[in-house]
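Within every chain, numbering begins at 1; the chains are lettered A, B, ... in the order of the sequence lines, protein sequences first and strands thereafter.
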Amino acid sequence: MTDFQKRVYAALRAVPRGAVVTYAGLARMVACGSCRAVGQALRMNPHAPRVPCHRVIASDLSIGGYQGAKDGARVRKKLALLAAEGVHFAHGRLLDPRRVLVVPTR
DNA sequence: AGACCCGGACGCG
DNA sequence: CGCGTCCGGGTCT
């Protein structure tokens with residue numbers, strides 16, 4: 001468990017149910033210049049439900065990846081979890097951009 | 001040191 | 001709008 005991951009998970013815990021954040025947003029929260037690094041940190045997903053890594057989507061409102069996959073059953077599961085929270089997707093895109101937690105640029 | 005990784009910005013068609 | 005391309009930071013080998 002690296003310090004970087006701790007920061008990412010901590011930031012992610014601040015995301016309320018029914019809302020989502022972008023990788024870029026999380027990257028800003030943890031003061032990381034690379035959103036990709038964030039995704040890589042989430043990839044392992046240590047403590048499953050506590051840290052809702054499924055509330056993290058891409059900046060273009062696409063679903064992004066899940067457990068190392070950009071599509072397939074994993075991603076469908078992610079969509080299902082989000083749907084259960086009231087966050088719905090269509091055509092691989094988030095329907096309500098308002099549900100995205102906006103992170104102010106530092 | 002090199003390769004890999006759940007993205008992002010930018011340019012082009 | 002949908003590619004294709006380069007870029008970046010962090011971690012693993």
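Rounded to whole angstrom, the span from the CG atom of A/L42 across to the C1' atom of B/dC5 amounts to 11 Å. Computed from coordinates, the A/D60 CG to B/dC10 C1' distance equals 14 Å when rounded to whole Å. Following rounding to the nearest Å, A/R55 (CZ) and B/dG7 (C1') show an atom-to-atom distance of 21 Å. Distance A/L61 CG to B/dA9 P: 11 Å, rounded to the nearest Å.
Judged by distance alone, with hydrogens and angles left aside, the side-chain atoms of A/R7 form a donor-acceptor pair with the main-chain N or O of A/V30 at under 3.5 Å. Under a 3.5 Å cut-off, the side chain of A/K78 and the backbone N or O of A/A73 do not form any donor-acceptor pair. Between the side chain of A/K70 and the main chain of A/G64, no donor-acceptor pair closer than 3.5 Å is present.
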- Message: Expected output check: what is the dot-bracket annotation of DNA chain C, where ( ) and [ ] are pairs inside the strand (brackets for crossing ones), | is paired with another strand, and pairs are Watson-Crick or G-U under 3.5 Å?
- Response: |||||||.|||||

Under 3.5 Å, which N/O atoms of the protein pair with N/O atoms of nucleotides 11-13 of chain B?
none

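Counting only heavy atoms from C-beta outward, the side chains of A/Y9 and A/C53 never approach each other to under 4.5 Å. Between A/L42 and A/L12, the closest side-chain pair of non-hydrogen atoms falls below 4.5 Å.
When the side chain to side chain donor-acceptor pair (under 3.5 Å) test is applied to A/S62, the partners found at least two apart in sequence or on another chain are A/D60. With sequence neighbours left out, A/T105 forms a side chain to side chain contact (heavy atoms under 4.5 Å, CB included) with A/R28.
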Side-chain donor-acceptor pairs of residues 83-97 of chain A under 3.5 Å, sequence neighbours excluded:
from: A/E85; atom 1: OE1; to: A/G18; atom 2: N; distance (Å): 3.3
from: A/E85; atom 1: OE1; to: A/R55; atom 2: NE; distance (Å): 3.0
from: A/E85; atom 1: OE2; to: A/H54; atom 2: NE2; distance (Å): 3.1
from: A/E85; atom 1: OE2; to: A/R55; atom 2: NE; distance (Å): 3.3
from: A/E85; atom 1: OE2; to: A/R55; atom 2: NH2; distance (Å): 3.1

- Using a 4.0 Å heavy-atom cut-off, write out nucleotides 8-13 of chain C from 5' to 3' as B (base contacted by protein), S (sugar-phosphate only) or - (no contact). BBBSS-

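Here A/R28 lies out of heavy-atom contact (under 4.0 Å) with every strand.
A 6.0 Å sphere centred on CZ of A/R74 holds no more than 12 heavy atoms belonging to other residues, nucleotides or ligands.
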- Kindly indicate, with the supporting measurements, whether the criterion side chain to side chain contact (heavy atoms under 4.5 Å, CB included) is fulfilled by A/I63 and A/L82. CA-CA 10 Å; A/I63 187 55; A/L82 288 174; 3.9 Å; yes

- Message: Quick one, A/M1 with A/K6, criterion side chain to side chain contact (heavy atoms under 4.5 Å, CB included). Give me CA distance, side-chain angles, the key distance, then yes/no.
- Response: CA-CA 7 Å; A/M1 174 69 49; A/K6 288 181 184 175; 3.6 Å; yes

